[in-house]
Visitor: 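One structure coming up, written as structure tokens, with questions to follow.
As a basis for the values below, the full set of heavy atoms in this structure was taken, side chains included, without hydrogen atoms, waters or symmetry mates. Indexing begins at 1, ligand by ligand and atom by atom, following the structure's order.
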Amino acid sequence: MSSPRTTRRSFVAAVGVATLWGLSACGGGDAAGSETAEGGGSGAVTVGFSQLGAESGWRTANTESVKAALTSANGFDLKFVDAQQKQENQIKALRDFVAQDVDVIAFSPVIETGWDEVLQEIKDSGIPVVLVDRTVDTSVKDPYATWIGADFEQEGKTAGEWVAQNAPDAKVFELQGTLGSGAQVDREKGFDGVVGKQVVGKASGNFTRAEGKTAVEAALQTYPETNLIFTHNDDMGLGAVEAIEAAGKVPGKDVKIVSVDGVRDGLQALVDGKFNYVVECNPVFGDQLATLVKDVAAGKDVPKETIVQDKAFDQSTTQADVDARKY
Ligand code: AHR
């Protein structure tokens, strides 16, 4: 027999799937970094979404895509909270979502570990979880219904293969993303698995331009032989460009840059000759997420994982490609 919670969720979901909503979203705020699109209609699926931050162009594009898809017009009542890259903020947001008894909790975990307690609490509440972008490493059994994101390990591998083919003698400095995040751990694994022997040093730039610049300033002192940087995202790569130029060197020539993401600024750096190769990580999957959230709320079977498709860009990329880029 269904518990009252299950019955209510199934009802909300069934109505949600069958109904077209026409209510407009109205922004609101109930705490620092949180926004609520009130309304959504009586059959709306209430989604608590904990975004990990706004650290990069990729993240901004991802947030825009999620907000554009999880609208009241599409049948959602979205409660969006920005964690400002702090795990404690995410854990608080997740607990708030449980207290608010949302229909589905979605979140992009800033790092992989440290979620056991809160994931168990969510599981005990019966609210299904949709993992977005990054992954978790937890002892909780069946902690989420589904995950949607990119194959980070493949991204690192693709970057490594370019280096193996085009710069097999390069001395590589690896500019890591947020330490312990799925994107850092897996990109490093993929890259190092191909050309780890060429890596002379590593440091984190926390996925931000400013910290990327600082890390590369230090690296150019500590590892002066560096002539190629593999950066785990474009923002840090753009910070690296600044550091390389400040050191009197030419990015893209004296120090090559291989990056991940493919945001417009990253592709512009490629066209300008400052980046040498960019592996895409596509942030625009809000529509796919919306479908998954509705299916999960409706109790339908969903795939355990959905891999967002990526491509790669070399220096044949044109200004027209950059201008056509949506993010
Ligand atoms: O998790 C995806 C990564 O997070 C993106 O590559 C990076 O730009 C973002 O901060």
Visitor: Sequence neighbours excluded, which residues qualify as ring pair (Phe, Tyr, Trp, His ring centres under 6.0 Å) partners of Phe207?
Guide: none
Visitor: Can you tell me which residues line ligand 1 if we count any heavy atom under 4.0 angstrom from one of its atoms, in chain and number order?
Guide: Glu55, Ser56, Trp58, Arg59, Asp133, Arg134, Phe152, Ala183, Arg187, Phe207, Asn233, Asp261
Visitor: Could you check whether Asp295 pairs with Lys300 (Lys NZ or Arg NE/NH1/NH2 to Asp/Glu carboxylate O, under 4.0 Å)?
Guide: yes
Visitor: Identify the residue among Glu174, Gln176, Glu155 that makes a side chain to side chain donor-acceptor pair (under 3.5 Å) with Arg187.
Guide: Glu155
Visitor: May I ask you to decide if Gln84's main-chain N or O and Asp82's side chain share a donor-acceptor pair within less than 3.5 Å?
Guide: yes
Visitor: For Lys202, is there an ion pair with Asp192 - N to carboxylate O distance below 4.0 angstrom?
Guide: yes
Visitor: Using a strict cut-off of less than 4.0 Å between a Lys/Arg side-chain nitrogen and an Asp/Glu carboxylate oxygen, indicate whether Lys92 and Asp96 qualify as a salt bridge.
Guide: yes
